[in-house]
J.: 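For reference, the structure I am asking about is given below.
Just so it is clear: chains get the letters A, B, ... in the order the sequence lines come, proteins before strands, and each one is counted from 1. Quick note: numbers below take in every heavy atom, side chains included, and nothing from hydrogens, waters or symmetry partners.
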Amino acid sequence: MSVVTRFAPSPTGYLHIGGLRTALFSWLTARHNDGKFLLRIEDTDLSRNSDEALQAIIEAFEWVGLNYDGEVIYQSKRFDLYKKYIDQLLEEGKAYKCYMTKEELDTLREEQMARKERPHYDGRYRDFEGTPPEGVDPVIRIKAPQEGVIAFDDGVKGHIEIAAEEVDDFIIARADGTPTYNFVVAIDDALMGLTDVIRGDDHLYNTPKQIVVYNALGFKLPRFYHVAMINNEQGKKLSKRDGATDVMEYKRQGFLPEALLNFLVRLGWSHGDQEIFSLDEMIALFDPKDINKSASSYNLDKLLWLNAHYIKNTPNEKLAELLKDFGVDITDHDKLQMLLDATKERGKTLVELAEQINLILNAPTEYDPKAVKKAFKGNAKAILTDFIAMLQTWPKPLHLPSDYHEVLEKIVEEKEIGFGKIGMPLRVALVGALTGAGVDEMMAIIGMDETIARIEKAVATIA
RNA sequence: GGCCCCUUCAUCUAGCGGUUAGGAUUCAUGGUUUUCAUCCAUGCCACAGGAGUUCGAGUCUCCUAGGGGUCACCA
């Protein structure tokens, strides 16, 4: 049987990284098995839906490159279908109308809690045959087993048994007739032919409820995998306060999707000692049975390390294209290759890379005081002045970093000074700081005229 | 609170009864580099605690502790 998995978000907010990870796991499982990965939108609660949120989710999917098969399925468009099953269950006596009002339910729950009992529906309308109260729109409840256990084998957690008493006759249709989550999920998962349901373990307790539906309707159970949550760096539940939980925020912060995916796939899953996985490798190696049981903590340092790795290994042309979103357009720059070769190993994110590039492309408007103190001292002024003269009278054309390197070697030799004596002041003159790409590279990129202009400007500031 | 799940370096993890408990990130040190970064090398750091089972336990069982999830006419 061919494998079918799905991702089923509810459009109530952006896509967060926990959701993206379970989506990735599902996607990988499908792709690994040449199966199908479906996208379904859980929008049965009409009042909570937001089109904006839906677009955000789809946009995030596009950014990371997780493609889904077939059309997106909207539960809100399938109410007729659900209605059929509700009627069927009613007819077969597997579900029933409950005339308890919300207020009555609330007071029941309060009483139970006062008695330190688990709040639950008491089943008072389960076998009701009298005349229903006036003016109450009933909800529909499904008959859950009253004794024994509901058991299933979870692909990551193992054998799970929940006592039947823990599962109420839960509501499958609200008073207004709309169906509820656990009911429609079971129906859709069955109808869509899901073979493997991979989701967060906050759904573990929904599983017995959904099994009640599967059984009542005679559907075949899929295999369930409940993946532990991702915590923040303090080991607590990931919340908005932890910064970038919105997947698109990672794009804005200069992360590459392949880095984010690589990071996420290693959160709760591993393949021996391997750390770097291309998408193809993930597909080839991923198996949901290797998913970890325990929760994992989000670790920004490792994401940053991966991102730096992927930046280093991305072709310059592609980086130039990506950099456009970060205020740097060097796609037509004649020294594009040189520029990126000189900077791509110095940025952990595209934001940092853009900063590095701007540092070279734009003449410094100020000089770092510490760098000035360290570099513009002694005979630095004289050396820089000599260097300008040397550049102006150099017999060969200067194009490559190696050309400029020759000039540097020459001045070091002639003046009998260390490289630092020219390197440090030159660096500060060119970019205003003591860090960054090689000075020979920088000079080659900005060209001789600009190099001389920057040095002259710096020399003028030295007392 | 009831029920359920989880627990190896700071973090991600390998381990599937016998290992000097391995790798990666972070951190520290050294090398490479005129600087920074990269890269390379080295180092620091872990089986939550306690009982069992066994010749032998990170690995199996139980208990304790800690963490998490869930108990909606939300999904």
J.: Which of these nucleotides, B:U11, B:G69, B:A75, is closest to any side-chain atom of A:Tyr205?
T.: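 Nearest listed nucleotide: B:G69.
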J.: So for A:Gln274 and B:G23, does any side-chain atom that can act as donor or acceptor lie under 3.5 Å from a complementary atom in the base?
T.: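 By the distance-only test, no, there is no pair.
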J.: So, does the side chain of A:Lys102 form a donor-acceptor pair with the base of B:C73 at under 3.5 Å?
T.: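 Absent.
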J.: Nearest of B:C73, B:A24, B:U38 to any side-chain atom of A:Glu275?
T.: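 Closest of the options to the side chain of A:Glu275: B:A24.
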J.: Which nucleotide, B:A75, B:C5, B:U25, lies nearest any side-chain atom of A:Glu42?
T.: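 Nearest to the side chain of A:Glu42 among the choices is B:A75.
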J.: Compare the minimum distances between each of B:A72, B:C6, B:C3 and the side chain of A:Pro119, then state the nucleotide with the smallest one.
T.: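 The answer is B:A72.
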J.: Let's see if you can work this out: which of B:C12, B:U34, B:C73 has an atom nearest to the side-chain heavy atoms of A:Leu267?
T.: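 So the side chain of A:Leu267 is nearest to B:C12.
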J.: What about the rings of A:Phe7 and A:Phe61, do their centers lie closer together than 6.0 Å?
T.: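 Yes.
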J.: Choose from B:U7, B:A75, B:A24 the nucleotide whose nearest atom is closest to any side-chain atom of A:Trp305.
T.: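 Side chain of A:Trp305 sits closest to B:A24.
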J.: Could you check which of B:C71, B:U13, B:C73 has an atom nearest any side-chain atom of A:Arg118?
T.: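 Nucleotide nearest to A:Arg118's side chain: B:C71.
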J.: Between A:Phe170 and A:Tyr121, does the ring centre distance come in under 6.0 Å?
T.: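 When the ring centroids of A:Phe170 and A:Tyr121 are compared, they turn out to be at least 6.0 Å apart.
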J.: If you take the centroid of each ring, where Trp contributes its six-membered ring, are A:Phe183 and A:Tyr82 closer together than 6.0 Å?
T.: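 Between A:Phe183 and A:Tyr82, which both carry aromatic rings, the centre distance is not below 6.0 Å.
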J.: Could you please name the option among B:C6, B:C12, B:C36 that lies closest to any side-chain atom of A:Lys293?
T.: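 Closest nucleotide to the A:Lys293 side chain: B:C6.
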J.: Report the base-pairing partner of B:C9 (Watson-Crick or G-U wobble, both distances below 3.5 angstrom), or none.
T.: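 Pairing partner, where one exists within any strand: none, as none qualifies.
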